[in-house]
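Below is one structure, written out as structure tokens; the observations come after it.
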Amino acid sequence: MKPNNRSLSHLLFILFTVCMILTSSGSAAPDPCISGLPLDTNETSPDEFCWDSTTFGGLYYSANKHKDLVASEDWWGERLQYTETDGQYELGKNNPRNHVIGEDELVYSTRQFPNKYKVVSELGLDANTTPSELGGMVYYKLPWFGKPYVAVENDATQLANLVIDQPGSDKKILKAGDVWDLGKNYSLTVNQVDVEGNKVWFSLSKEGEELESGIVDADGTIENQLFTAKADFGDGNDQLYFITYVDSVFMSATDSFAVFKYTWLIDKNDILIIKEGDEYQGFEVKEASESELVLKNSDSITLNLDKDVKNYFTDSWYFQTSDEGKGSTSPNGYVIYPAKELSKPGNYTLRGLPFDTNVASSDEFCWDSTTFGGLYYSANKHKDFVSSENWWGERLQYIETDGQYELGKNNPGNHVIGEGELVYSTRQFPNKYKVISELGLDANTTPSELGGMVYYKLPWFAKPYVAVENDATQLASLVIDQSGSDKKMLKAGDVWDFGKGYSLTVNQVDVEGNKVWFSLYKEGEELESGIVDADGTVENQLFTAKADFGDGNDQLYFITYVDSVFLSSYYSFAVFKYTWLIDKDNILVIENGDEYQGFEVKEASEAELVLKNSDSITLNLDKDAKNYFTDSWYFQTSDEGKGSTSLNGYVIYPATGVVIEAEDAPESVENSTENLNMTQDSNESEIISSDYSPDASEVEDSENKNNSPEEETGEESSAKLPGFEILVGVYGIAFCRVFIKRRN
């Protein structure tokens, strides 16, 4: 049978269209990630490219271990460091342009550290009162690529999964017949509860097979209420792998219950053995001793200096950079930071840089967008975000005002932040319109209808807004800022949903006349309509819309650019690029005295907004407590005296929660999060960055955002579309009527 040329061409076009949609259509919100502290290659020496768990959220962190995790010698936990080996292509200020990390120059190291069993710490046991079956008061935890493992027999080369480490405040209440899923196919089943005898009989199973069974007497003695299980695994015999503690038994109106606490379990059947020469995610094990593991990159890493590119060096870790010469203090330099991709749903914490109150002075408690992932960050704006003067973006800072209860090393035990002492400030900064930056326009070639080459963006509690007329007191939501590489292909009848009730509808495409007629709507009401000629001139291909809003008249609120029109076998398409839209109908006006999430506006000028806490904040010094000071931001601390270099001190950092849904729905620009300094919330009492495959991918300034979901296109007649000769005349009359109506 001879092929049908029409059908074949139709099929080829469908395949072409699918490819275009997959590669260049409207993209969803940026992928969330966990990010590390950004460094400028023009200011950083080679030995300073080092991240620990306080400066890279992809590494395991515990506030109660802070002083040891950041120690200069005999440190605990993980480190990721660049180490120059061959004298070539040195990274850093001696050669800020270099973007090659040679083989063996990226070093990942990890060391174990002691952790008390919960039954020991929560019951206040010591060496004399700890039951002998525990074999001691502590076990050893070793982080391995961000995930906490147990070092079996305190040996870093033998790692077991920590299945559960029940928080000290947690209780599990079970009745006879209940099954507690512990994870990793382990479960605990309550067989019988004897309230009169104060006993409970339970079994530990894996994959349905019973491993242990015991009867525990909740008589008030630790030895009787504690249950442990041991087995032969790894390189040892009769080793502890399970602990639980029956706190009490009681009877309700109908059932008898047992209360379990301090449960601890490792997966004895799946021990990870680390040996020298082993390969792990692009790293080779160079040292594998009982006390430390050291790995180095097997191949050189050539960084692509593009803010939109992820330079992977493990399955989920990558280096993110600014564009070449952007964000750096040198036109030859760039900004670089490690990030970890988040590919699994869960609850995560964006945390700030932790401070020890016994080390930090009162004026050092300050976080900017590079040190607190809850604030808006752009690598291409880095040097201005971290500037000591005339800085851009957001800052959160403690400022002592009354001389009482000073925070910091002069009074490390103080945990009261007085009224007006927590200051949130934000300043706007310029962003080029995409049509300017992508087409390489300058002051002479920029179309006059844009009113200039830039608009001004201002972060407001981490959400990027547009400062209308460069005025920080008038904020508009940025509905869409189509990324420079993005293309949106639409045929007649297609509707492009921007979000916030705005949409663009293509009315007609005239390929012969090289024109497209489209309309901008909000909630079904037409706001603008235009015919654009894709003739190769910026002035004709650009469409802008203005309106009266805020405190000004005839202000720009919409831009789009028709890159081209083309004909398929059946349909005529128009390609839209560089689309930019703000929500002109919902302007947020900021005034002195306004209250926002526990803060009062103290200064509201065109150049800056300054807010201070309305009420004093008394911190609960408990590593599991969240001390909220806005609706979503809170201070996390260590336990009192833990993690600090002083028995009176503590560790403190700001944090905010983020939820990654199972299937992320497309978001508008304002809902996307940039540079997320994240750690995963855990059922453990310490913060754990799990092996979920991170902050950041980072979405650079407004130039990296496109949050316009791709819409399915409707059916259209295959008849050839007519030209616009008659239509232009009709449209001209209609436009005049609309124009007159608007002016009236």
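Because the structure is predicted, anything quoted here is derived from the model rather than measured.
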(request) Taking all non-hydrogen atoms of both residues into account, name the closest pair between Phe49 and Gly92 and its distance. (result) CE1-CA, 3.6 Å
(message) Among Trp144, Tyr108, Tyr60, exactly one meets side chain to side chain donor-acceptor pair (under 3.5 Å) together with Glu78. Which residue is that?
(response) Tyr108
(message) Counting C-beta onward and ignoring hydrogens, is there a side-chain heavy-atom pair between Arg395 and Arg427 closer than 4.5 Å?
(response) no
(request) Tell me, please, which residues at least two apart from Tyr312 pass ring-ring contact (aromatic ring centres under 6.0 Å, His included). (result) Tyr318
(request) Could you tell me which residues satisfy side chain to side chain donor-acceptor pair (under 3.5 Å) with Thr357, sequence neighbours excluded, listed by chain and number? (result) none
(message) Are the side chains of Phe543 and Phe576 in contact, using a 4.5 Å heavy-atom criterion?
(response) no
(message) Checking side chain to side chain donor-acceptor pair (under 3.5 Å) between Glu105 and each of Thr85, Thr83, Asn297, which is the one that passes?
(response) Thr85
(message) Tell me whether the rings of Tyr561 and Tyr578 are parallel (<30°), tilted (30 to 60°) or perpendicular (>60°).
(response) tilted
(message) Using 30° and 60° as the class boundaries, would you call the ring planes of Phe629 and Phe599 parallel, tilted or perpendicular?
(response) perpendicular
(message) Assess whether a salt bridge exists between Asp104 and Lys286, defined as any Lys/Arg side-chain N lying under 4.0 Å from an Asp/Glu carboxylate O.
(response) yes
(request) Identify the heavy atoms of Val359 and Lys409 that sit nearest to each other, and give their distance. (result) O-CD, 3.6 Å
(request) Check whether any side-chain heavy atom of Thr329 lies under 4.5 Å from a side-chain heavy atom of Glu43, and answer yes or no. (result) yes
(request) Applying side chain to side chain contact (heavy atoms under 4.5 Å, CB included), name anything that partners Val423, two or more places apart in sequence or on another chain. (result) Ile399, Ser425, Val610, Lys612
